[in-house]
2 protein chains.
Amino acid sequence: MLNKNDYVPLYEQLRKLLRRQILKGEYKNGDLLPSENELMKMYGITRTTIRKAMEALVREGLVQQIHGRGTFVRFQEITKTVWNFQGFSSLVKERNEIPISKVFQHEVIRKNGEAYLKLRRLRGMSRDDQITWMTLDDSELPLRRFPGLDQYRFEQRSLYATLEKDYQCPPRFVNLDIIPVLSDEELMDYFGLPSIKPLLKAKGQVYDEDGHQIETVSVVYSPVFAFKLARSL
Amino acid sequence: MLNKNDYVPLYEQLRKLLRRQILKGEYKNGDLLPSENELMKMYGITRTTIRKAMEALVREGLVQQIHGRGTFVRFQEITKTVWNFQGFSSLVKERNEIPISKVFQHEVIRKNGEAYLKLRRLRGMSRDDQITWMTLDDSELPLRRFPGLDQYRFEQRSLYATLEKDYQCPPRFVNLDIIPVLSDEELMDYFGLPSIKPLLKAKGQVYDEDGHQIETVSVVYSPVFAFKLARSL
DNA sequence: TAGTGGTCTAGACCACGGT
DNA sequence: CCGTGGTCTAGACCACTAG
């Protein structure tokens, strides 16, 4: 249940609890959540606290409140994008292709006294002995959060699968800036571009389900990728 | 001051009031706002109400609260998300700027036996007698769905507000491709670019809440816009 | 120590939706 | 009508910052 003496605020505990239940499917899409009055009794806390938790869930888009009716699960899905959370590897595998990575940089760097694993990888797929490179990405991951992560070899291994399986820390949120850039010589070479072309770059942070930052990324996409954005309000 | 009998909630009145004061320069960047206790006395309302207003200002990025020190103005310039469903006009108005449109094309075209209103508009905002152009957009709207829409003059009038108010048809979903493009002479001229730059273009369809297509759009964004993508799984 | 924001309680009244 | 969420009050205690 909720722990009133935890250093984590009650509204935050409740928010996480409800979110877990929704994501686990205990409350399904369209379901009615317990009313605020019921939650008061269930957890022995006041409505103000409950409403603070609800407010966050509404902002996350997990839940919808309707005046006079109640609070409903509303698992609205945004985006069928290039960005997916199983990571690049499974995206490629889904298409029955073989993912390939070339690691250009793999080192431990320091920033503000913190150690990070810095990766620079060219990523693509192999088909009929043809290799198509699709993205160039830079990642930084805090080693304090992922001790020993720098010992893995990411030529063969999926970064996100490692985070999920070996660290129980699956990526859950992103916060990205989408920026148009011009291809430089390096990129033209990698992506096989005949001339300077405008490309898309995504830059930002990746978070786990508790909202803690687990990665900063910067990805340049080859033109073979279509960037789709579907969104519902 | 604040009107307790207004149908607009007190926290909303306070939020707008503080925002106006900040944007008008009564509180400058870095200034300390009155403490929550002082605001209680100033406006005769409780802290809960004040904190609700503050929370919104923090989310807008206008203000920063520091535990034990106070609430500071933190006016970070430039943009938020590009695509919002209130449309361009209200996006600009929210920032207390005046939206401006220049209509290059306004005609009825036929496609597959259907009549569409075709608009090509340069859009921007005016501040201190300076006009900043921000997007160039092409729209096509089916006249069968919106009879008489071609009679409006969209220099003064917001397209989305018209669809919502006069046709009860607010936009609800989008399906967009995000494409990087190079600025041509026309765009460099409009956006005041000194040289060829990569720009973002969004292209796709807009739907109403029943899933019926109401618009096809193609928007090129000036570099003053940041394109943000936040996503949760 | 005094003042700030952060959390929480225990009420109240209201507007809205369905019966 | 009752139950829902929306707003608001009047307190309380705490953790943090600064003089």
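Proteins come first, then strands; the chains are lettered A, B, ... in the order of their sequence lines, and each starts at number 1. As a basis for the values below, the full set of heavy atoms in this structure was taken, side chains included, without hydrogen atoms, waters or symmetry mates.
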Of all the choices, [options], which nucleotide is nearest to the side chain of [X] once you look at every atom?
X       : options              : answer
A:Lys52 : C:dT7, D:dC8, D:dG5  : C:dT7
B:His67 : D:dT7, D:dT9, C:dG6  : C:dG6
B:Thr71 : D:dG5, D:dT9, C:dG5  : C:dG5
B:Gln65 : D:dC8, C:dT9, C:dG5  : C:dG5
A:Arg69 : C:dG17, C:dC8, D:dC8 : C:dG17

Take atom [atom1] of [X] and atom [atom2] of [N], then tell me their distance rounded to the nearest Å.
X       : N      : atom1 : atom2 : answer
A:Tyr7  : D:dC16 : OH    : P     : 13 Å
B:Met54 : C:dT4  : CE    : C1'   : 12 Å
A:Met40 : C:dC8  : CE    : P     : 14 Å
B:Glu36 : D:dT9  : CD    : P     : 14 Å
B:Glu55 : C:dC8  : CD    : C1'   : 14 Å
A:Ile50 : D:dG6  : CD1   : C1'   : 15 Å
A:Leu32 : D:dG3  : CG    : P     : 15 Å
A:Asn37 : D:dG6  : CG    : P     : 13 Å

Using a cutoff of under 3.5 Å, can you pull out all pairs of nitrogen or oxygen atoms linking the protein to nucleotides 10-13 of chain C, with atom names and distances?
none

B:Lys102 atom NZ, over 12 foreign heavy atoms within 6.0 Å: no
Neighbour count above 12 (heavy atom, 6.0 Å) for A:Lys203 NZ: no
Is there a donor-acceptor contact under 3.5 Å linking the side chains of [X] and [Y]?
X        : Y        : answer
B:Gln205 : B:Glu140 : no
B:Glu215 : B:Gln213 : no
B:Ser35  : B:Asn37  : no

B:Tyr11 side-chain N/O to D:dT7 phosphate OP1/OP2 under 4.0 Å: yes
B:Thr49 side-chain N/O to D:dT9 phosphate OP1/OP2 under 4.0 Å: yes
Nearest heavy atoms of B:Gln13 and B:Met1, plus distance in Å: OE1-O, 4.5 Å
Heavy-atom pair with the smallest gap, counting every atom of A:Ser139 and A:Arg121: OG-NH2, 4.3 Å
Under the side-chain hydrogen bond (donor to acceptor under 3.5 Å, both in side chains) test, residues paired with B:Thr216 that sit two or more places apart: none
5' priority, DNA chain C, between B:Arg51 and A:Ile66 [closest heavy atom]: B:Arg51
Comparing B:Gly68 and A:Lys4 on DNA chain C - which has the more 5′ nearest nucleotide: B:Gly68
Pairing partner of C:dT4 (Watson-Crick or G-U wobble, both distances under 3.5 Å): D:dA15
